[in-house]
Amino acid sequence: MNKELLKGLVEQINLELQSAYIYFGMASYLEESGFAGFSHWMKVQVKEEVSHAMRIYDFLQERGEHIEMLPFEKVDVDYDSVLDVWEKSLVHEKFITASIDKLANLAFDLKDFSAMGMLQWFVDEQVEEEDHFGGAVAQLQMAEGKGSTMLMLDREFGRREG
Ligand code: MG
């Protein structure tokens, strides 16, 4: 595999796991704020991010590539509100989308068709993720932090499966 593409995919594994770590921090903040349902939603997301990392890992293993394990950055668990958590998570997902698009573009330029196929799954997944996170932001904005509405949303988010 092209060296630059391999480096980018190895970095993407790290980014997906770093995402899991960021969402773990968010889950912790939400749990400590007394919102078991919101926290549950984030913990489901943590598992999803690990599965994203695993998908790239499996692909690189199948291609017989060596995977370097990169370090993680410290995560600050410093949020103002539940809405603040989801606004920041949406910004983070947009950053991930840009990273995936860059890799898909590189695989396309290199005519690496199997990498393109693998990355197309991520391109589609990111559309879903931004819709998912954006929808949560819209619901939380409508709630405007009102106690009864927040408790209702907490219960609803707590039903997320996966
Ligand atoms: Mg992801």
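Read the numbers this way: they start at 1 and go in the same order the structure lists the ligands and their atoms. Positions are given from 1 along the sequence. No experiment lies behind these values; they were computed from the predicted model shown.
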Item to check | Shell of protein N/O/S atoms around the Mg ion (ligand 1), taken as anything under 2.8 Å | outcome: Glu16 OE1, Glu49 OE1, His52 ND1
Checklist entry - According to the interplanar angle, ranging from 0 to 90°, do the rings of Trp41 and Phe157 count as parallel (below 30°), tilted (30 to 60°) or perpendicular (above 60°)? => result tilted
Item to check | Residues that, via side-chain heavy atoms closer than 4.5 angstrom, fall in one hydrophobic cluster with Val91 | outcome: none
Checklist entry - Of Leu30, Val44, Asp154, which meets side-chain contact (heavy atoms from CB on, under 4.5 Å) against Ser39? => result Leu30
Checklist entry - Thinking salt bridges, do Glu16 and Arg55 make one under a 4.0 Å N-O criterion? => result no
Item to check | Connected-component partners of Phe108 among ILVMFWY, side-chain separation under 4.5 Å | outcome: Phe113, Met116
Which atom pairs, one a donor and one an acceptor, fall under 3.5 Å between side chains of residues 128-138 and the rest of the protein, sequence neighbours left out?
{"residue": "Glu129", "atom": "OE2", "partner": "Gln45", "partner atom": "NE2", "Å": "3.0"}
{"residue": "Glu130", "atom": "OE2", "partner": "Thr97", "partner atom": "OG1", "Å": "2.7"}

